[in-house]
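Residue numbers run from 1 in the order of the sequence given.
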Amino acid sequence: MQLLTPHVYWAQRRGEIFLRVELCDAKNLRISVEENTLQFRAQGHGAKGENDYEFSLQFREPVKPEVHHRSTQRQVDIRVSKQAEHWWDRLTLQEKRPLFLAPDFDRWMDESDAEMELKKKEEEKISSISVESRVRKDPFLGVKRGYLFMYNLVQFLGFSWIFVNMTVRLCILGQDSFYDTFHTTADMMYFCQMMAVLEVVNPLLGLVRTGFIPALIQVTGRNVILFVIFGCVEEMQNKAVVFFVFYFWSCIEIFRYPFYMLGCIGTEWKLLTWLRYSLWIPLYPLGTIAEAVAVVQSLAVFDETRMFALPLPVSLGGSLSFSYSLRLYLILMFLGLFTNFRHLYKQRRRRYRSRKRKQL
């Protein structure tokens with residue numbers, strides 16, 4: 001293959017030279033600085049296709065012999081340190097610029113721009129220090145984090161027990177496991193959902209920054225299903241819908257609680273983060289549908305047993321069935337679904353938008 005010259009773009013700072021070589025998938029890189037001259041040779045895909053490319057640059061002033069480079073799929077980035085820290089009026093010793101060399105305007109900065117950037121960074125640093133000095137450290141921060149860590153750990157273990165129990169029984173018994181889900185897992189679900197009331201209290205106490213309303217909607221909705229629909233109506237406890245409601249709840253929580261638990265100790269697992277901000281998209285609507293099915297199936301039972309019926313004067317019919325309250329609750333359930341879905345979507349968008357900004 002013939003030797004060709006790649007396109008090279010350069011920029012500088014007071015103490016460094018930056019070179020960007022337009023060479024895709026570069027391999028067999030040989031980069032060195034000898035006698036103030038940078039020698040480059042590599043094989044890759046450049047302007048003339050797949051070939052061997054090379055070039056040399058004799059710098060305007062002395063540089064250090066160490067060369068730092070990084071090869072990506074698109075280009076090769078090279079950084080060389082100057083012997084003396086000051087701005088050069090040109091890159092090469094020869095006055096005429098080589099044809100393959102051009103300024104890197106994406107990184108270009110002159111001396112005045114650099115001074116302004118340095119001054120801005122210093123001001124931001126001083127500002128952040130002054131703000132930190134004004135903010136009083138919370139003496140109970142360790143206690144709060146310990147409490148939140150233990151709460152999320154206990155909830156994770158509880159919902160994990162429910163999930164594993166239901167999964168194992170499903171594998172062994174098949175569809176027969178649908179009909180005794182309540183009797184095998186209700187005690188643990190009672191415990192977890194009573195503990196979940198703290199998720200409404202924590203935002204009010206300022207322990208977490210999540211919204212109070214979304215937590216109230218979710219906890220209230222689940223407890224109505226668990227304690228009223230399933231807990232008080234024996235006819236509902238043997239229905240298959242119990243399995244689906246409990247399974248969707250536990251699938252969501254076995255990823256949500258460990259995410260918050262690790263956040264208490266400043267740790268993050270990327271896969272867990274993605275699951276926490278993505279799995280709710282299919283599971284949350286499916287869980288709400290399963291809850292709605294449970295409510296619809298219980299309407300006839302409440303009409304027949306008159307459980308929780310509201311007493312009325314004889315002239316008005318004697319009593320008002322609790323099923324009418326549940327019909328109203330169905331409407332509120334889907335309004336709550338919309339509210340929480342929008343809240344979770346905003347959380348997800350804010351999370352990944354901030355991550356992209358950090359990467360940039």
Inset, instruction - Determine whether the side chains of H68 and D77 contain a donor N or O and an acceptor N or O closer than 3.5 Å. - result: no
Inset, instruction - Start with the C-alpha distance between E16 and R79, add both sets of side-chain angles, then the distance that settles salt bridge (charged side-chain N to carboxylate O under 4.0 Å, His left out), and finish with yes or no. - result: CA-CA 7 Å; E16 293 177 316; R79 177 167 57 88; 2.9 Å; yes
Legend entry - Contact summary for A26 and V76, nearest pair of heavy atoms: CB-CG2, 3.6 Å
Inset, instruction - May I ask you to check whether Y257 and F156 place their ring centers less than 6.0 Å from one another? - result: no
Inset, instruction - Indicate yes or no: at least one non-hydrogen side-chain atom of L38 is less than 4.5 angstrom from one of S32. - result: no
Legend entry - Spatial distance of atom OG (S250) from atom CH2 (W161) [nearest 0.5 Å]: 11.5 Å
Legend entry - S177 to L170 - nearest heavy-atom pair and separation: OG-CA, 3.5 Å
Legend entry - Any donor-acceptor pair under 3.5 Å from Y284 side chain to L279 backbone: no
Inset, instruction - Compute both the distance and the angle, then confirm whether R327 meets the cation-pi test with Y324: under 6.0 Å from the six-membered ring centre, within 45 degrees of the axis. - result: yes
Inset, instruction - Answer yes or no: is there a side-chain heavy-atom contact under 4.5 Å between L148 and N202? - result: yes
Inset, instruction - Evaluate the side-chain proximity of Y147 to L198: yes if any heavy-atom separation is below 4.5 Å, no if none is. - result: yes
Inset, instruction - Taking the side chain as every heavy atom from C-beta outward, state whether V296 and L330 have any atom pair closer than 4.5 Å. - result: yes
Legend entry - Atom pair CG/CG of L262 and L153 - distance to nearest 0.5 Å: 10.0 Å
Legend entry - Donor + acceptor pair across side chains of W249, Q218 (<3.5 Å): no
Inset, instruction - Looking only at non-hydrogen atoms, find the nearest pair between N36 and P62 and report the distance. - result: OD1-CA, 3.0 Å
Inset, instruction - Mark yes or no for whether N238, through its side chain, and E235, through its backbone, hold a donor-acceptor pair below 3.5 Å. - result: no
Legend entry - Pair S278-R348, side-chain donor/acceptor within less than 3.5 Å: yes
Inset, instruction - For the residue pair C251 and F159, establish whether any side-chain heavy-atom pair is separated by less than 4.5 Å. - result: no
Legend entry - Worked verdict on R74 versus D25 for salt bridge (charged side-chain N to carboxylate O under 4.0 Å, His left out): CA-CA 7 Å; R74 291 187 173 184; D25 298 319; over 6 Å; no
Legend entry - Atom pair CZ (F248) and CG (L283), whose distance is rounded to the nearest 0.5 Å: 7.0 Å
Inset, instruction - Might you point out which heavy atoms bring G44 and L23 nearest each other, and give the distance in Å? - result: C-CD1, 3.9 Å
Legend entry - Distance (rounded to the nearest 0.5 Å) between L4 CG and D52 CG: 8.5 Å
Inset, instruction - Look only at the side chain of K144 and the backbone of V208, and say whether a donor-acceptor pair between them is shorter than 3.5 Å. - result: no
Inset, instruction - State, to 0.1 Å, how close R60 and W88 come at their nearest heavy-atom pair, and which atoms those are. - result: CB-CE3, 3.8 Å
Legend entry - Interatomic spacing from CZ in R222 to CD in E291 - rounded to 0.5 Å: 7.0 Å
Legend entry - Pairwise side-chain contact, T72 with R70, heavy-atom cut-off 4.5 Å (strictly under): yes
Inset, instruction - Examine the side chains of T185 and N165 and answer whether a donor and an acceptor come within less than 3.5 Å of each other. - result: no
Legend entry - R90 and E61: CA distance, side-chain angles, deciding distance, salt bridge (charged side-chain N to carboxylate O under 4.0 Å, His left out) verdict: CA-CA 10 Å; R90 64 177 187 271; E61 295 185 19; over 6 Å; no
Inset, instruction - Supply the atom-to-atom distance M189 CE to N223 CG, rounded to the nearest 0.5 angstrom. - result: 10.5 Å
Inset, instruction - Decide whether M194 and V200 are clustered together by the hydrophobic rule: side chain heavy atoms of Ile, Leu, Val, Met, Phe, Trp, Tyr closer than 4.5 Å, transitively. - result: no
Inset, instruction - Please determine if R276 forms a cation-pi arrangement with F255, meaning its NZ or CZ atom is less than 6.0 Å from the six-membered ring centre and no more than 45° off the ring axis. - result: no
Inset, instruction - Mind listing the closest non-hydrogen atom pair of F227 and Q193 along with its distance? - result: CE1-CB, 4.4 Å
Inset, instruction - Give a yes or no answer on whether the side chain of K82 reaches the backbone of H86 with a donor-acceptor pair at less than 3.5 Å. - result: yes
Legend entry - Under 3.5 Å side-chain donor-acceptor pair for T167 and Y247: yes
Inset, instruction - Verify the ring-centre separation between F178 and F244: is it less than 6.0 angstrom? - result: yes
Legend entry - Beyond-backbone contact of R145 with F149, side-chain heavy atoms, under 4.5 angstrom: no
Inset, instruction - Could you tell me whether the side chain of V21 reaches within less than 4.5 Å of the side chain of F55, counting heavy atoms only? - result: yes
Inset, instruction - Hey, can you tell me if F230 and F182 have their rings parallel, tilted or perpendicular (30° and 60° cut-offs)? - result: perpendicular
Inset, instruction - Taking Q94 for its side chain and K96 for its backbone only, find out whether a donor-acceptor pair lies under 3.5 Å. - result: yes
Inset, instruction - Indicate whether any N or O donor in one side chain lies under 3.5 Å from an N or O acceptor in the other, for Q155 and Y260. - result: no
Legend entry - E268 and T273: side chain donor to acceptor below 3.5 Å: yes
